[in-house]
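Dropping a structure here in C-alpha cells format, bear with me for questions.
These figures come from a predicted structure and were not determined experimentally.
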Amino acid sequence: MGKGGGKDFGGGGLPLDGYPLIDISPVIDENLAVWPGDKSFVREECLSFEKGDNLTLSSIHTTVHLGAHADAPLHYHPEGKGMAERGLHHYLGPCLVTRVSLPKGERIFPRHIKDDLKDDLAGAPRVLFKTGSFPDPGVFNEDFNALSWELVDFLAEKGVILVGLDTPSVDIFSDKVLEAHRAIHAHDMAILEGVNLEGVEPGLYQLIALPLPIRGGDASPVRAVLLDPRERP
C-alpha cells in the first residue's frame with residue numbers, strides 16, 4: 001500500500017473530523033497562466049470601501065479552464081455533457097497520488113507506474129499524477145507531461161473514474177487530436193487538470209474537488225483539496 005494508506009481511507013466514506021486539508025489549488029489572480037490564446041483572469045471591482053461605497057462588489061472575466069479545474073465531456077466531444085450534468089461522485093472520494101519521472105513533453109504510459117502502486121488502484125478509483133513538469137503556475141511552459149491513451153485504457157480496466165495531473169492538460173501541447181481526452185470520454189472518466197502537487201507525498205488520500213454546476217459549461221474551476229490520513233492529530 002502507498003505511503004498515505006490507512007484503514008479509515010480504504011472505503012467510500014469521507015471522515016472529515018480531525019484531518020487537516022492539503023490545498024492543491026493554485027491561487028487565482030491576474031498572474032495565473034492560462035492556455036495561450038485563452039482568456040486570462042481579470043477581476044473588476046464595481047464597488048469598494050476605498051471608493052466610499054458601503055461594501056466591496058466585484059465581477060470576474062476568465063476562462064473556465066483556470067488553475068485547478070475539471071473538464072466537462074462537452075469540452076472534448078460534440079455529444080458530451082456539460083458541467084452541470086456531471087455526476088459529483090467522480091470528484092469526491094479515495095484517491096491515489098503517484099509520482100512519475102520522465103522527460104518533459106512526453107506522455108505517461110502504464111510502464112511508468114511502479115508495480116507496488118498498481119495494487120493500490122483497487123482501493124483508489126481516482127488517480128493524480130505528480131510530474132513536476134509544470135512547476136510555475138504563473139509561467140506557461142509547453143513541454144509538460146501528459147497521458148497516453150494506453151494509460152487511460154489501463155486505468156479504466158482498473159476501475160478508475162477520475163484521472164488528473166499537475167499540468168494544464170491530459171494531452172501534450174501539440175496534440176490536436178486529443179487522444180487522451182478521447183480515450184477518457186470513451187470510458188466515461190472525469191478529468192482534473194492544473195492541480196498543485198508540490199510537497200504532496202505519493203500515497204492514498206481522500207480527494208475533494210467539486211466543480212460548479214455551470215449550465216453548458218465546458219469546464220469549471222475547483223477548490224481541490226486532499227485529506228491526509230497520516231496527519232490526524
Among pairs that include at least one residue of residues 89-102, which meet side chain to side chain donor-acceptor pair (under 3.5 Å), considering only residues two or more places apart or in two chains?
->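 Listed once each, the pairs would be none.
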
Just jot down the side chain to side chain contact (heavy atoms under 4.5 Å, CB included) partners of P137, sequence neighbours excluded, or say none.
-> P26, L32

Tell me which donor-acceptor pairs under 3.5 Å the side chains of residues 59-66 have, and how far apart each pair is, sequence neighbours excluded?
residue : atom : partner : partner atom : Å
T63     : OG1  : D38     : OD1          : 3.2
T63     : OG1  : D38     : OD2          : 2.8
T63     : OG1  : H65     : N            : 3.0
H65     : ND1  : D71     : OD1          : 3.1
H65     : NE2  : D218    : OD2          : 2.6

CD1 of I113 to NZ of K158: how many Å apart, nearest 0.5 Å?
->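 The NZ atom of K158 is 9.5 Å from CD1 of I113, to the nearest 0.5 Å.
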
Give a yes or no on whether a salt bridge exists between R107 and E150, defined as a side-chain N under 4.0 angstrom from a carboxylate O.
->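 No, R107 and E150 are not salt-bridged.
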
Linked, directly or transitively: L102 and I172 (ILVMFWY side chains, under 4.5 Å) | no

Got L210 and V222 here, is their nearest side-chain heavy-atom distance under 4.5 Å?
->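 A side-chain contact under 4.5 Å is absent here.
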
Atom pair CG (L204) and CG (L227), whose distance is rounded to the nearest 0.5 Å = 13.0 Å

Would you confirm whether H75, through its side chain, and A72, through its main-chain N or O, come within 3.5 Å as a donor-acceptor pair?
-> no

Are side-chain heavy atoms of V97 and F129 found at a separation under 4.5 Å?
-> no

SG-CG distance between C95 and L192, expressed to the nearest 0.5 angstrom | 8.5 Å

Taking the side chain as every heavy atom from C-beta outward, state whether L128 and L197 have any pair of such atoms under 4.5 Å apart.
-> yes

Close side-chain approach of M189 and I184, heavy atoms under 4.5 Å | yes

Side-chain (R126) to main-chain (L92) donor-acceptor, under 3.5 angstrom = yes

If you look only at pairs with a residue in residues 183-193, which of them pass as a side chain to side chain donor-acceptor pair (under 3.5 Å), with sequence neighbours excluded?
-> H69-E193, R86-D188, D153-H187

Check against side-chain hydrogen bond (donor to acceptor under 3.5 Å, both in side chains), D53 and S48 | CA-CA 5 Å; D53 299 308; S48 71; 4.6 Å; no

N/O donor-acceptor pair under 3.5 Å between S220 side chain and P211 backbone =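 No, the answer is negative, given that no donor and acceptor are paired below the 3.5 Å cut-off.
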
Residue set satisfying side-chain hydrogen bond (donor to acceptor under 3.5 Å, both in side chains) with D143, at least two apart, ordered chain then number -> N141

Just wondering, do I24 and V200 contact through their side chains at under 4.5 Å, heavy atoms?
->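 A side-chain contact under 4.5 Å exists here.
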
Under 6.0 Å from the NZ atom of K81, do we count more than 12 heavy atoms belonging to anything else shown?
->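 Atom NZ in K81 is not crowded, with 12 or fewer foreign heavy atoms closer than 6.0 Å.
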
I would like to know whether L21 and D228 meet side-chain contact (heavy atoms from CB on, under 4.5 Å); could you show each step before the answer?
-> CA-CA 7 Å; L21 300 179; D228 187 347; over 6 Å; no

After noting the C-alpha distance and the side-chain angles of F173 and W35, does the key distance pass the side-chain contact (heavy atoms from CB on, under 4.5 Å) rule?
-> CA-CA 9 Å; F173 181 79; W35 197 273; 3.4 Å; yes

Taking only residues two or more places apart in sequence, or in another chain, which ones meet F134 in a ring-ring contact (aromatic ring centres under 6.0 Å, His included)?
-> F140

In sequence, state the C-alpha distance, the side-chain angles, and the governing distance for I28 and F41, and then conclude on side-chain contact (heavy atoms from CB on, under 4.5 Å).
-> CA-CA 8 Å; I28 296 176; F41 177 85; 3.5 Å; yes

Partner set under side chain to side chain contact (heavy atoms under 4.5 Å, CB included) for A84, not counting sequence neighbours =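 Applying side chain to side chain contact (heavy atoms under 4.5 Å, CB included) to A84 gives P213, R215.
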
Quick one: salt bridge (charged side-chain N to carboxylate O under 4.0 Å, His left out) partners of D23, sequence neighbours excluded?
->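 Counting only residues at least two positions away or on another chain, D23 forms a salt bridge (charged side-chain N to carboxylate O under 4.0 Å, His left out) with R223.
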
Going by heavy atoms in the side chains, are P125 and V160 under 4.5 Å from each other?
->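 No; the side chains remain at least 4.5 Å from each other.
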
Side-chain hydrophobic cluster, 4.5 Å single linkage: members besides L57 =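 ILVMFWY cluster around L57 also holds L47, L55.
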
Walk me through it: do S174 and E142 pass the test side-chain contact (heavy atoms from CB on, under 4.5 Å)?
-> CA-CA 8 Å; S174 61; E142 300 178 359; over 6 Å; no

Side chains of S58 and E44: closer than 4.5 Å at any heavy-atom pair?
->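 No; the side chains remain at least 4.5 Å from each other.
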
Residues which pass salt bridge (charged side-chain N to carboxylate O under 4.0 Å, His left out) with E106, listed by chain and number, not counting sequence neighbours =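 E106 satisfies salt bridge (charged side-chain N to carboxylate O under 4.0 Å, His left out) with no other residue.
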
State the NZ-CG distance between K176 and D171, to the nearest 0.5 angstrom.
-> 11.0 Å

Fellow cluster residues of V139, listed by chain then number, with links counted only when side-chain atoms sit under 4.5 Å apart =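 Its cluster mates, by chain and number: none.
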
When rounded to the nearest 0.5 angstrom, what distance separates OG1 in T167 from CG in L147?
->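 That separation rounds to 7.5 Å.
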
Can you hop from V27 to L212 via hydrophobic side chains spaced under 4.5 Å?
->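 Different clusters: V27 never reaches L212 through Ile, Leu, Val, Met, Phe, Trp or Tyr contacts under 4.5 Å.
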
Do the side chains of I208 and I22 join up, straight or via other hydrophobic residues, at under 4.5 Å, putting them in one cluster?
->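 Yes; I22 is reachable from I208 via cluster members.
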
State whether the side chain of D166 and the backbone N or O of V195 hold a donor-acceptor pair below 3.5 Å, judged by distance alone.
->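 Here the side-chain-to-backbone pair does not exist.
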
Nearest heavy atoms of P135 and G132, plus distance in Å = CD-O, 4.0 Å

Please name all residues satisfying salt bridge (charged side-chain N to carboxylate O under 4.0 Å, His left out) with E45, sequence neighbours left out, ordered by chain then number.
->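 Counting only residues at least two positions away or on another chain, E45 forms a salt bridge (charged side-chain N to carboxylate O under 4.0 Å, His left out) with R43.
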
Sub-4.5 Å side-chain heavy-atom contact between N145 and V100 =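 N145 vs V100: side chains apart.
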
